[in-house]
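What's counted below: heavy atoms across the whole structure, side chains too, no hydrogens, waters or symmetry copies.
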Amino acid sequence: MAAMPRISQAEWAVMEVLWDQHPLAAADVAGRLSGSKDWSPRTVKTLLNRLVHKGAVLFEPQGKRYAYRPAYPRSRYVRAESRTFLRRVFAGQESAMLVQMVRDARLSAEEIEELRDILLSKRQG
């Protein structure tokens with residue numbers, strides 16, 4: 001499987017829009033980001049162009065516009081980013097990361113029970 005291109009935090013915001021719905025024109029992506037980002041349509045087009053050049057986004061002409069879509073599913077990027085974070089912050093120690101996150105999390109009784117069940121199933125299987 002080909003390695004996915006690295007994307008910046010700004011590019012991630014554009015990808016979130018495309019993962020949510022695609023294909024979209026640049027103007028539609030800009031419109032969806034207007035509530036959360038103070039970016040001009042030109043900035044969004046620049047980010048889309050970078051993502052296309054990196055191979056993270058694909059496009060096809062639709063009349064006078066281009067329709068953009070992600071080249072990889074969000075789940076693959078989440079998995080890759082999680083591994084990078086794990087290596088960088090926890091030296092690859094999964095249990096250390098899990099312990100830290102569970103200690104810091106505000107969990108409901110239902111979530112605690114779900115985690116307990118997951119851990120018990122890990123022990124058994």
Side-chain angles (χ1 to χ4, degrees):
M1 204 172 274
M4 294 180 313
R6 301 270 300 152
I7 59 175
S8 70
Q9 188 172 349
E11 292 165 342
W12 188 277
V14 171
M15 293 298 293
E16 286 284 1
V17 171
L18 292 174
W19 284 320
D20 185 48
Q21 183 179 355
H22 58 272
L24 289 174
D28 296 326
V29 175
R32 289 168 194 239
L33 287 168
S34 66
S36 61
K37 303 289 182 191
D38 190 24
W39 293 341
S40 71
R42 183 179 175 111
T43 299
V44 173
K45 287 179 185 177
T46 298
L47 290 168
L48 282 166
N49 192 39
R50 285 182 192 164
L51 288 163
V52 166
H53 281 79
K54 288 180 175 185
V57 167
L58 305 171
F59 70 96
E60 58 188 50
Q62 286 189 343
K64 295 182 179 183
R65 305 183 328 167
Y66 291 108
Y68 297 91
R69 65 181 174 83
Y72 301 93
R74 185 181 192 281
S75 60
R76 279 199 57 200
Y77 265 100
V78 168
R79 209 170 21 255
E81 289 294 323
S82 297
R83 280 191 231 113
T84 300
F85 175 77
L86 178 65
R87 282 191 305 271
R88 187 180 73 239
V89 177
F90 293 95
Q93 297 177 359
E94 295 169 343
S95 62
M97 180 185 73
L98 289 170
V99 167
Q100 182 66 41
M101 290 185 167
V102 169
R103 281 188 178 144
D104 290 345
R106 291 185 177 147
L107 300 170
S108 67
E110 185 177 280
E111 291 166 328
I112 292 169
E113 188 65 27
E114 182 180 4
L115 284 171
R116 184 183 150 294
D117 291 346
I118 291 168
L119 291 171
L120 286 174
S121 71
K122 285 285 202 182
R123 178 184 282 172
Q124 295 168 357

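Using the six-membered ring where Trp is involved, Phe85 and Phe90 have ring planes that are perpendicular, over 60° apart on the 30 and 60° scheme.
In the hydrophobic clustering of this structure, Leu18 does not group with Leu58; members are Ile, Leu, Val, Met, Phe, Trp, Tyr whose side-chain heavy atoms approach within less than 4.5 Å, directly or through other members. Both Val89 and Leu86 are part of a single hydrophobic cluster, where members link through side-chain heavy atoms under 4.5 Å apart. No single ILVMFWY cluster, assembled from side-chain heavy atoms under 4.5 Å apart, contains both Leu98 and Leu119.
Inter-residue side-chain proximity for Asp28 and Arg65 is flagged as met; some heavy-atom pair is nearer than 4.5 Å. Contact annotation: the side chain of Tyr66 never approaches that of Leu48 to less than 4.5 Å [non-hydrogen atoms, C-beta and beyond]. Within the 4.5 Å cutoff, the side chain of Trp39 has heavy atoms near those of the Val14 side chain. His22 places a side-chain heavy atom less than 4.5 Å from the side chain of Pro70.
A donor-acceptor pair under 3.5 Å is absent between the side-chain atoms of Gln124 and the main chain of Ser121, judged by distance alone. Between the side chain of Glu11 and the main chain of Ser8, a donor-acceptor pair closer than 3.5 Å is present. A donor-acceptor pair under 3.5 Å is formed between the side chain of Lys54 and the backbone N or O of Arg6. In terms of modelled atom types and a separation under 3.5 Å, the side chain of Trp19 and the main chain of Arg69 share no donor-acceptor contact.
Minimum interatomic distance between Gly55 and Ala71 (heavy atoms only, all atoms of both residues): O-CB, 3.3 Å. A pairwise comparison of heavy atoms in Trp12 and Val78 identifies CH2-N, 4.2 Å as the closest pair. When all heavy atoms of Tyr77 and Ala56 are compared, the closest pair comes out as OH-CB, 3.6 Å. Here the closest non-hydrogen pair linking Pro41 and Ala30 is CA-CB, 4.0 Å. The two residues Leu33 and Ala13 make their nearest non-hydrogen contact at CD2-O, 3.8 Å. Considering all non-hydrogen atoms of both residues, Ala26 and Val44 come closest at O-CG1, 4.1 Å.
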Item to check | Leu24 vs Tyr68, side chain to side chain contact (heavy atoms under 4.5 Å, CB included): CA-CA, chis, key distance, verdict | outcome: CA-CA 5 Å; Leu24 289 174; Tyr68 297 91; 5.7 Å; no
Next on the checklist: If you apply the rule side chain to side chain contact (heavy atoms under 4.5 Å, CB included), what do you find for Arg74 with Asp20, and how did you get there?
Outcome noted: CA-CA 9 Å; Arg74 185 181 192 281; Asp20 185 48; over 6 Å; no
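Few gaps surround CG on Asp117; more than 12 heavy atoms of other groups in view lie less than 6.0 Å from it. For Glu110, the CD atom is loosely surrounded, since the number of other residues' heavy atoms within 6.0 Å does not exceed 12. With a 6.0 Å radius and a threshold of 12 heavy atoms from other residues, nucleotides or ligands, Glu114 has its CD atom at or below the threshold. Taking a 6.0 Å sphere around CD of Glu94, one finds it holds 12 or fewer heavy atoms contributed by other residues, nucleotides or ligands.
A distance of 7.5 Å separates CE of Met4 from CD of Glu81, quoted to the nearest 0.5 Å. Annotation: the span from Asn49 atom CG to Arg42 atom CZ amounts to 11.0 Å, rounded to 0.5 Å.
Thr46 and Thr43 share no donor-acceptor pair across their side chains, judged by distance under 3.5 Å alone.
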